[in-house]
There are 2 protein chains.
Amino acid sequence: MTAREDLTTAMADLLWERGYAATSPKDVMERAGVGQGSMYHHFAGKHELAVAAFRRSIDVVLAATSVLEGEGDPIERIERYLAEPRPGTQGCRVGRMTQDPQVVSDPELLGLVADAFEVAGRRWERAIAEAVEAGELPPSVVPAELALTLQAVIQGGYVLARARGSQEPMDAAIRGAVALLHAARGPATSPGPSSNE
Amino acid sequence: MTAREDLTTAMADLLWERGYAATSPKDVMERAGVGQGSMYHHFAGKHELAVAAFRRSIDVVLAATSVLEGEGDPIERIERYLAEPRPGTQGCRVGRMTQDPQVVSDPELLGLVADAFEVAGRRWERAIAEAVEAGELPPSVVPAELALTLQAVIQGGYVLARARGSQEPMDAAIRGAVALLHAARGPATSPGPSSNE
DNA sequence: GTCTATATTTCGATAGAC
DNA sequence: GTCTATCGAAATATAGAC
């Protein structure tokens with residue numbers, strides 16, 4: 001059943017490139033190289049196609065956040081995740097959907113997006129809390145809030161990159177955030193180079 | 001010529017609510033309470049309507065950034081602007097457009113968006129540079145970068161708020177950013193409570 | 001399971017009367 | 001300047017043969 005697979009892939013890519021409203025079932029069929037009848041055999045319509053495509057895109061995006069739970073000092077994991085390459089001008093596969101009213105008004109689609117951000121947010125929050133415990137961030141930091149701040153920097157970075165048609169605003173926004181993390185960490189604590197529980 | 005005005009207003013609101021791809025000329029006419037012939041008399045088509053509507057929305061959004069150039073200490077102006085109320089779940093009239101491929105691929109529309117972000121960015125940058133000079137932010141801060149970071153926090157806040165269908169993520173993301181600014185400022189400088197040139 | 005009609009509605013725009 | 005009528009194309013889906 002490669003048709004189902006191909007249709008899901010094509011829809012995921014088209015949702016990324018054009019959004020929900022601007023993607024027609026016909027576009028999807030053509031990109032997947034699949035006939036119309038075949039498509040309506042596998043999926044009831046555009047909505048179902050979007051759900052399947054969405055689940056896949058979210059898996060891809062969430063997989064990247066596992067860095068936050070990986071090895072190394074918490075602050076190091078945070079900076080490593082922030083430093084990962086992001087195609088700014090292409091936008092975020094997941095975040096872009098929040099601007100599509102037809103997605104937001106579809107409870108199932110919106111639910112998928114909300115869950116994805118929540119899962120990612122918890123990973124952020126955990127890593128930040130560990131960094132505070134380790135003295136790598138000041139105690140004044142509220143993990144749940146900083147988690148949203150850093151998620152927002154990334155999502156906003158996509159917006160700015162697309163506005164300017166350039167990767168640079170995304171990278172600069174992240175550099176600015178990292179610099180702020182360093183400055184906040186700096187003079188207050190850190191007696192030695194990490195490694196203290 | 002109230003028809004032109006009404007059409008522009010209706011288009012601006014619909015672009016905000018639904019985006020470009022999902023807004024039809026018919027929708028605009030109906031909301032404006034104007035006949036079809038009348039609309040095509042005033043505007044050559046959807047594109048021209050969008051340009052007019054866009055200019056208006058951008059004026060509205062940019063007007064709010066004048067706080068950054070207003071009275072008070074630089075850091076105070078920055079925090080005042082960050083603290084301004086923002087309808088997170090409604091999204092940003094300007095930023096939302098960057099996710100619409102039909103807007104991004106339209107040089108005139110994209111140009112308007114890019115210019116708007118650039119103007120706002122310069123106001124941010126100036127206020128930040130003044131804050132650094134006044135010792136309210138550490139010298140390690142690169143104004144152009146932090147400007148993009150804070151713009152991104154706001155734009156990303158909209159994304160997160162829409163994802164969760166709640167104002168809270170927007171507000172929390174901004175609180176997290178303000179806390180970070182405080183922490184970065186904190187122990188390093190600030191001998192007395194401001195007022196030193 | 002896949003294909004080629006075909007149907008219905010909406011989109012975006014034009015024509016031409018008033 | 002505004003209106004109604006109409007157009008050709010596309011969106012979304014169904015029907016029914018293979």
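Both backbone and side-chain heavy atoms feed into the values below; hydrogens, waters and symmetry mates do not. Letters A, B, ... are given to chains in the order of the sequence lines, protein chains preceding strands, and every chain is numbered from 1.
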Atom [atom1] of [X] to atom [atom2] of [N]: distance rounded to whole Å?
X: B:His41; N: C:dG12; atom1: NE2; atom2: C1'; value: 19 Å
X: A:Phe43; N: D:dT14; atom1: CZ; atom2: P; value: 16 Å
X: B:Met11; N: C:dC11; atom1: CE; atom2: P; value: 13 Å
X: B:Met29; N: D:dG1; atom1: CE; atom2: C1'; value: 15 Å
X: A:Glu30; N: C:dC3; atom1: CD; atom2: P; value: 13 Å
X: B:Lys26; N: D:dA9; atom1: NZ; atom2: P; value: 20 Å
X: B:Gln102; N: C:dC11; atom1: CD; atom2: P; value: 13 Å

Show your working on side chain to side chain donor-acceptor pair (under 3.5 Å) between A:Thr9 and A:Asp6 and close with a plain yes or no.
-> CA-CA 5 Å; A:Thr9 301; A:Asp6 292 347; 5.4 Å; no
Of all heavy-atom pairs linking A:Thr23 and A:Leu14, the shortest is OG1-O, 3.4 Å
Indicate, with a heavy-atom threshold strictly under 4.0 Å, whether B:Ser38 touches base, sugar-phosphate, or nothing.
-> base
Pairs under 3.5 angstrom only: tabulate donor-acceptor contacts from the side chains of residues 78-85 of chain B to other protein residues two or more places apart or in another chain.
residue : atom : partner  : partner atom : Å
B:Glu79 : OE1  : B:His182 : NE2          : 3.4
B:Glu79 : OE2  : B:His182 : NE2          : 2.8
B:Arg80 : NH2  : B:Glu71  : O            : 2.7

Given the options B:Arg31, B:Arg18, B:Arg93, B:Asp13 meets side-chain hydrogen bond (donor to acceptor under 3.5 Å, both in side chains) only with B:Arg93
Under 4.0 Å: is that the gap between some side-chain N or O of B:His42 and OP1 or OP2 of D:dT2?
-> yes
Value rounded to 0.5 Å, distance of CD in A:Glu125 from CD in A:Glu145 = 10.0 Å
Of the candidate nucleotides C:dC3, D:dC3, C:dC11, which contains the atom at the shortest distance from the side chain of B:Ser24?
-> C:dC11
Between protein and nucleic acid, restricted to nucleotides 13-18 of chain C and to nitrogen or oxygen atoms under 3.5 Å apart, what atom pairs and distances do you find?
residue : atom : partner : partner atom : Å
C:dA13  : OP2  : B:Tyr40 : OH           : 3.3
C:dA13  : OP2  : B:Lys46 : N            : 3.2
C:dA13  : N7   : B:Gln36 : NE2          : 2.9
C:dA13  : N6   : B:Gln36 : OE1          : 3.2
C:dA13  : N6   : B:Gln36 : NE2          : 2.5

Between B:Gln90 and B:Trp16, is any pair of side-chain heavy atoms under 4.5 Å apart?
-> yes
